[in-house]
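Everything on this sheet refers to the single structure shown next.
Not measured: the values here are computed from a predicted model. Sequence lines set the chain letters: A, B, ... in the order given, protein chains first and strands last, and positions in each chain run from 1.
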Amino acid sequence: MDFIIQAAVKAVKALYQTDLNAADIGLQPTRKEFEGQITIVTFPFTKFSRKSPEQTGNDIGEFLKNEVNEISGFNVIKGFLNISLSDAYWIDQLYTEVLPDSFAEFKPNGKKVMVEYSSPNTNKPLHLGHVRNNLLGYSVAEILKAAGYAVIKSNLVNDRGIHICKSMLAWQKFGNGETPESTGEKGDHLVGKYYVLFDKEYKKQIDELKSMGQTEENAKKNAPMIKEAQEMLQKWEAGDEDVISLWKTMNLWVYDGFGKTYKALGVDFDQYYYESNTYLLGKDIVDEGLAKGVFFRKDDGSVWIDLTSDGLDEKLVLRSDGTSVYMTQDLGTAQLKYNDYHMDESIYTVGNEQDYHFKVLFLILQKMGKQWAKGLYHLSYGMVDLPSGKMKSREGTVVDADDLISEMEQTAKEQTEALGKVIDYTEDEKQELYHTIGMGALKYFLLKVDPKKRLLFDPNESVDFQGHTGPFIQYTHARIRSVLSRVEQPPSPLKGEYKTLASEERDLIFALTQFPETITLAASGYSPAIIANYVYEVAKSFNKFYHEKSILQAEDEVTKQFRLQLAAASAKVIRKSMGLLGIEVPERM
RNA sequence: GGUCCCAUAGCUCAGCUGGAUAGAGCAACAGAUUUCUAAUCUGUAGGUCUUAGGUUCGAAUCCUAAUGGGAUCACCA
């Protein structure tokens, strides 16, 4: 729409002898109840036009109509100049912009960005909260890729620490040598089972100690279970062979399980980092910070940074015994990532409960003069809550990712069968379709919401398949493919022969042309929700068109070919948009 | 207590850098299928945009404060 802005700048200059920047012209889509597609708000111009908003709008409208031949007409309502572009313009847009393969394909922008997401703990299976994280990270990575970035998807696996020792210890004590093979249980679930078991036993011991007169605080410290787990962690850090060997074995079980879940979710990674390799990093940075005077050492030997002048607190960056804390590791890992890739931006997909941590992390790196620190971004998202409140792994009040996925597939199956669809599919084809639809419903449900908002998930209320949902959009795609499959040859252009658009056609073309700037917007805001809401608009526009106008039974061949092209373009935009959300679209459903 | 985030229809959410009578979906009600897939389409009903000030020609949007909800402020990660 640049040409309209340019022309408007020219109009203002010619009519009112005033120089404006392109940014001063506020273009917006015309509201549905008015004639036209593009609206210029003329209130701001009255200052120098010294005329009423209506008169100003009329003046500019008249000028534009004479100046720009794509403009076929205009009307003015109060301070709003509604511009109609000619059908020839919109038809040309379809053929020369939307239909070519290059549509919405961005040239590489020369920038490299790392998107870290997932970053699981290896002591328990993934739950719904992780699902949101994974889908969000994956989608943002795909959107950035589409916008021209070179993207590295990374996963920082939290594979060490007290939590995994808890699972290991419980397995040693109560496991009787169980393995995923011997039980048939998915590895991550098996390990998670012992994590829960640890907590159960631990609580029992706490209660015992309390009944013997200890305070809650002391009981938590003194319970044998926790002491053993801590000993185990020390052994791990000391490189004890047996502990390391058990640790490796159980982590492999977990990775095997995660691999299956990742595959079902359709996410992938280019680079894995493991905390067992990175947890000692960061001490160099602490030294560097001390040398630069950014950090200071207290009498007990601990190292801190004073952020009070930034409205924050003092923050510990190294323990008095010289060991690392979370912050130390993250400082080191940030440097490691940068050394590995020299990326321009680095995104951390982590829940908003860690807002403070990342604020501090980024601030420290900036204070240390790391020029790459300005490219760090915390993609913070809201928690997924249940009607009962927060999900807690230890208490078993979680919506398990694998369970959820199979429930979604099951629901997709029931819906499909109830509607009597695809009865001629083979079992394998059906399974694949149910997975596609079920995941489409789940992914869309999670991604259509602004990431920073918290999300309420009611397990008793199934995710919708109708209305503003993934399956609705998938269905629209399947519909189009069905129509296209009925013509023998690919639609031919017949450019220039179709002259007059129906309003449904014009609206649909307009929606399609918005795709590139929607990608830009979503990329700059790191928001899959923008894509999700956009593709819904496209699907709605198509369905309306489909309902009002017959494609295959069009009045004449020219119209039919044009509509086939329009349908094909719609299918393409839907498929690509959904791809950015990590959602597949079926040929039939 | 300090800091940060959120608040829009009964429910779930849109509303881009301030612009027209605040929009969708679900749920409710009424319709549409001899015609390309009814997981669709059309219509009805549903709102003091939490509240109070302020900036502005103009505020759901920006600023301040209050209220309610959430998070965080560990020598945990």
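Of the two residues contacting RNA chain B, namely A:Leu27 and A:Phe445, the nearest-nucleotide position lying further toward the 5' end is that of A:Phe445.
Both tests do not hold together for A:Arg132 against A:Tyr381: distance to the six-membered ring centre under 6.0 Å, angle to the ring axis within 45°. In this structure, A:Lys315 forms no cation-pi arrangement with A:Trp304, as its terminal cationic atom is not both closer than 6.0 Å to the ring centre and no more than 45° off the ring axis. Cation-pi geometry between A:Lys337 and A:Tyr348 is met: under 6.0 angstrom from the ring centre, within 45 degrees of the axis.
Of the P atoms belonging to B:C16 and B:G53, the separation is 25 Å, rounded to the nearest Å.
With a 4.5 Å cut-off on side-chain heavy atoms, A:Glu505 and A:Leu566 count as touching.
Using a distance-only test at 3.5 Å, with no hydrogens or angles considered, no donor-acceptor pair links the side chain of A:Thr46 to the main chain of A:Ser52.
Proximity of A:Arg563 to the phosphate of B:C36: no side-chain N or O atom is located under 4.0 Å from OP1 or OP2. For B:A39, neither phosphate oxygen OP1 nor OP2 lies less than 4.0 angstrom from any side-chain nitrogen or oxygen of A:Arg479. Note on A:Arg481: every side-chain N or O is 4.0 Å or more away from OP1 and OP2 of B:C36. Dashed line: the shortest gap from a side-chain N or O of A:Ser482 to OP1 or OP2 of B:U37 is under 4.0 Å. For the OP1/OP2 pair of B:C13 and a distance below 4.0 Å, the side-chain nitrogens and oxygens of A:Arg454 include no atom meeting the criterion.
Nucleotide B:C41 has B:G31 as its partner under the Watson-Crick or G-U criteria, with both atom distances under 3.5 Å. Nucleotide B:A71 is matched to B:U3 when pairs are restricted to Watson-Crick or G-U wobble geometry with both distances under 3.5 angstrom. Base pairing of B:C57 is made with B:G19, judged by Watson-Crick or G-U wobble geometry with both donor-acceptor distances under 3.5 Å. Base pairing of B:A52: its partner is B:U64, meeting the Watson-Crick or G-U wobble criterion (both donor-acceptor distances under 3.5 Å). With a cut-off of 3.5 Å on both pairing distances, the Watson-Crick or G-U wobble partner of B:C26 is B:G10. Using Watson-Crick or G-U wobble geometry with both donor-acceptor distances under 3.5 Å, B:C36 finds no partner in any strand shown.
Under a cut-off of 6.0 angstrom, the local environment of CD in A:Glu35 is sparse, with at most 12 non-hydrogen atoms contributed by other residues, nucleotides or ligands.
A:Ile437 comes within 4.0 angstrom of a nucleotide base, judged by non-hydrogen atoms across all strands. In this structure, A:Met383 reaches neither bases nor backbone, as no heavy-atom distance under 4.0 Å exists between it and the strands shown. Using a 4.0 Å heavy-atom cutoff across all strands shown, A:Lys32 reaches no nucleic acid atom at all. Here A:Phe465 lies in heavy-atom contact (under 4.0 Å) with a base. Across all strands shown, A:Leu233 has no heavy atoms under 4.0 Å from either base or sugar-phosphate atoms. When heavy atoms are screened at a 4.0 angstrom cut-off, A:Asp385 is found touching no nucleic acid atom at all.
When the P atom of B:G23 is taken as reference, atom NZ of A:Lys448 falls 19 Å away, rounded to whole Å. Between A:His547 atom NE2 and B:A38 atom P the separation is 8 Å, expressed in whole Å. Between the CG atom of A:Asp355 and the C1' atom of B:C6 there is a distance of 12 Å, rounded to whole Å. Rounding to whole angstrom units, CG of residue A:Asp313 and C1' of B:U3 are separated by 8 Å. The distance from atom OH of A:Tyr444 to atom P of B:A14 is 11 Å, rounded to the nearest whole Å.
Counting atom types as modelled, A:Thr416 pairs a side-chain N or O with a base atom of B:A39 as donor and acceptor under 3.5 Å. Remark: the A:Lys421 side chain and the B:U37 base include a donor-acceptor N/O pair separated by less than 3.5 Å.
Looking at residues 513-531 of chain A, you'll see A:Leu521 sit with a heavy atom under 4.0 Å from some atom of RNA chain B.
Listed nucleotides B:C5, B:A14, B:U40 differ in distance to A:Tyr475; the shortest reach to its side chain belongs to B:U40.
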Do any N or O atoms of the protein come closer than 3.5 Å to N or O atoms of nucleotides 18-20 of chain B, and which pairs are they?
unit_1 : atom_1 : unit_2  : atom_2 : d
B:A20  : OP2    : A:Arg31 : NH1    : 3.2
B:A20  : N6     : A:Thr39 : OG1    : 3.1
B:A20  : N6     : A:Asn82 : OD1    : 3.0
B:A20  : N1     : A:Asn82 : OD1    : 3.3
B:A20  : N1     : A:Asn82 : ND2    : 3.4

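A pairwise comparison of heavy atoms in A:Pro471 and A:Met589 identifies O-CE, 3.7 Å as the closest pair.
At a threshold of 4.0 Å, the pair A:Lys283-A:Asp287 does not count as salt-bridged, since none of the basic side-chain nitrogens sits closer than that to a carboxylate oxygen.
Separation of atoms CG (A:Leu446) and CZ (A:Phe457) is listed at 7.5 Å; rounding is to 0.5 Å.
Checking A:Leu512, A:Thr476, A:Thr518 one by one against A:Val538, the side chain to side chain contact (heavy atoms under 4.5 Å, CB included) holds for a single residue, A:Leu512.
Using bins of under 30°, 30° to 60° and over 60° for the plane-to-plane angle, the ring pair A:Tyr202/A:Phe198 lands in the tilted bin.
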